[in-house]
Amino acid sequence: KDPRSLYELAQLQIDFDNIKSERLYTPIIIPELRLQSTFDTARTTWITKIKAGGVFRLKGEKNTVFDLTLFPDYSELPLDFRQFSLQRLPITYEEKRQFFIEGRAYYQMPVTLLRTRNIEYLEYGGKFYSSSENNDFALFFVKDSVFKDILFAKYTYHLGEYTSVGFFSGLSKIDYNIASLDLSHYFQKLNTQLKIQGSRIINREISLKYFELSRNVNTGLGGSFYYVDVDSGFLSLLNAGGLLSFDNMREITGTLQYIKTTSIKNRETVVALEFWGHNTWNKKTDSSIYRENIVAGTVYYPPFIGFVGFQMGHLDFLNLNDNSYTLYVPGIAYYISSWKQVFIKIFLGKYLGKDFIRPDITLNVSPFGMNTGIEAYFVKSILDSIGVINFYGEYRTPIPKLLLKPSIVYTDNFREHSRNLDFNIVFVYEPGYLKGIYLAYQKSIERTENNWITRSGKVIFKVKWEFKKI
């Protein structure tokens with residue numbers, strides 16, 4: 001080695017005060033200021049207030065986030081479009097709020113034990129989630145004006161690529177404190193997924209058991225089998241919905257599916273046949289709660305989809321003279337993309353002893369890049385006579401990154417002679433993921449006899465902006 005290089009290295013002076021370690025977490029502050037005007041139905045006047053909230057976040061590498069959210073507002077989100085349940089069961093609407101969506105993959109289970117959409121009045125909350133090669137962890141704390149304090153967490157350990165074990169725990173002030181263990185394993189050679197879950201309300205002899213075996217295929221024979229066992233008293237305001245519509249019950253669901261892919265006139269064509277069977281019964285009396293069977297066939301010849309189905313069941317929990325229904329469901333669709341599609345189907349047959357008809361249409365078009373969607377259906381049965389129109393869209397304006405996003409729900413209940421109109425008209429300017437300026441106008445009005453009455457209303461101007469220190 002060159003002696004002069006060693007000498008120069010020995011004379012090198014290092015300023016240790018200016019050496020900075022790599023930042024483990026990036027702090028992000030997202031303040032939110034809004035001018036809010038709310039309609040007071042009692043005094044039939046508008047009340048205007050200035051409110052503030054925001055998010056403080058520490059974002060680390062490898063999917064690690066700590067988040068503290070104060071007094072959030074979600075006025076920019078679209079309305080829930082009114083749905084109809086043939087089984088007369090509660091509708092489960094999807095979660096749209098960013099606080100619960102981010103990190104959701106780390107606390108999901110085969111059977112949802114805490115349905116975040118049931119937490120409607122979020123005041124503030126904190127969350128931490130992190131993911132590595134073998135470990136996932138999520139911890140959420142929520143303050144709700146109805147349920148008060150809610151704490152839930154899940155840890156998942158991945159034993160290799162195909163096996164994982166998860167532990168979930170939830171605590172609340174409404175006597176719903178729960179612990180749960182779930183196991184998932186994928187049998188690669190069989191292309192089959194196994195899921196098992198056991199859950200128990202702490203300090204009470206009340207439990208839930210779940211078993212699932214499924215084989216999903218792109219071609220060939222597939223199917224699934226689900227079994228659920230729920231003790232009396234397990235159902236709660238925090239978990240009701242989806243699979244948990246009844247307690248003190250057992251439930252079995254089985255599906256069988258055959259898919260064949262072929263080529264017709266140089267177009268890949270898919271033909272699918274499916275059978276779906278379901279039975280829910282009371283554990284104590286061994287009596288049926290409800291049963292249902294579906295046989296369906298689908299042909300996909302791009303861009304067209306044709307299908308026909310036969311659906312029959314018994315809603316024994318209604319305790320009517322005739323609890324059965326038998327329906328035929330033909331339909332056709334034209335599908336290019338999510339904003340270029342037409343979907344038409346109709347339900348025809350007998351329902352609870354009387355004629356039933358329900359035509360449905362979904363139309364999504366995008367002329368000149370102006371995304372517009374309409375979903376409409378009409379239901380005529382022994383218990384229902386309603387028409388529903390859901391309208392939504394996403395329209396560009398001359399100002400870059402400024403969008404108009406309307407969502408409107410119109411419901412006409414012919415049996416009760418009432419009409420409801422709910423709408424949320426939102427102007428959105430979002431130059432970044434966590435930056436935005438919003439102007440939202442929400443209103444719910446109802447027509448009874450000859451008058452339109454305002455049930456609720458709100459106008460919000462909101463600004464939220466991300467400040468990141470690098």
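All values below were derived from every heavy atom in this structure, side-chain atoms included, with hydrogens, water molecules and symmetry-related copies excluded. Note that the coordinates shown come from a computational prediction; the quantities given were computed from them, not determined experimentally.
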query: Honestly, is Lys127 close enough over Phe99, meaning NZ or CZ under 6.0 Å from the six-membered ring centre and within 45° of the axis?
result: yes
When every non-hydrogen atom of Gln193 is compared with those of Ser184, the smallest separation belongs to NE2-OG, 2.6 Å
Just say parallel, tilted or perpendicular for the rings of Phe423 and Tyr441, cut-offs at 30° and 60°. perpendicular
Open item on the list: Quick one about Tyr74 and Glu76 (side-chain donor to acceptor, distance below 3.5 Å, no hydrogens or angles considered), yes or no?
Closed with: no
What about Tyr351 and Tyr325, are their ring centers closer than 6.0 Å?
-> yes
Phe347 and Phe356 aromatic ring geometry - parallel, tilted or perpendicular at 30°/60° bounds
perpendicular
Under 6.0 Å between ring centres, would you say that holds for Phe128 and Phe66?
no
Could you verify whether a donor N or O on one side chain and an acceptor N or O on the other, from Thr116 and Glu95, lie under 3.5 Å apart? yes
Next item on the list: Assess whether salt bridge (Lys or Arg N to Asp or Glu O under 4.0 Å) is satisfied between Asp422 and Lys443, documenting all intermediate values.
Entry: CA-CA 6 Å; Asp422 303 289; Lys443 199 168 186 179; over 6 Å; no
Note to self: Is the distance from the ring center of Phe317 to that of Phe246 below 6.0 Å?
What the structure shows: yes
Between Tyr226 and His278, does the ring centroid distance fall short of 6.0 Å? no
Is there a donor-acceptor contact under 3.5 Å linking the side chains of Tyr377 and Asn390?
no
May I ask you to decide if the ring planes of His185 and Phe187 are parallel, tilted or perpendicular, using 30° and 60° as cut-offs? perpendicular
Exercise for the section: I would like to know whether Thr253 and Trp276 meet side chain to side chain contact (heavy atoms under 4.5 Å, CB included); could you show each step before the answer? Expected result: CA-CA 7 Å; Thr253 302; Trp276 187 90; 3.7 Å; yes
Between Tyr107 and Phe140, does the ring centroid distance fall short of 6.0 Å?
yes
In short, Arg215 meets Leu190 closest at the heavy-atom pair NE-O, 3.0 Å
Between Tyr438 and Lys462, is there a cation-pi geometry (under 6.0 Å to ring centre, at most 45° from the normal)? yes
So Tyr392 and Phe81, ring pair (Phe, Tyr, Trp, His ring centres under 6.0 Å) or not? Walk me through it.
CA-CA 9 Å; Tyr392 49 93; Phe81 298 145; 5.1 Å; yes
inquiry  = Would Lys195 and Asp182 count as a salt bridge (Lys or Arg N to Asp or Glu O under 4.0 Å) here? Give the steps.
reply    = CA-CA 7 Å; Lys195 293 182 181 180; Asp182 63 88; over 6 Å; no
Here the pair of heavy atoms bringing Gly373 nearest to Trp339 is N-CZ3, 3.8 Å
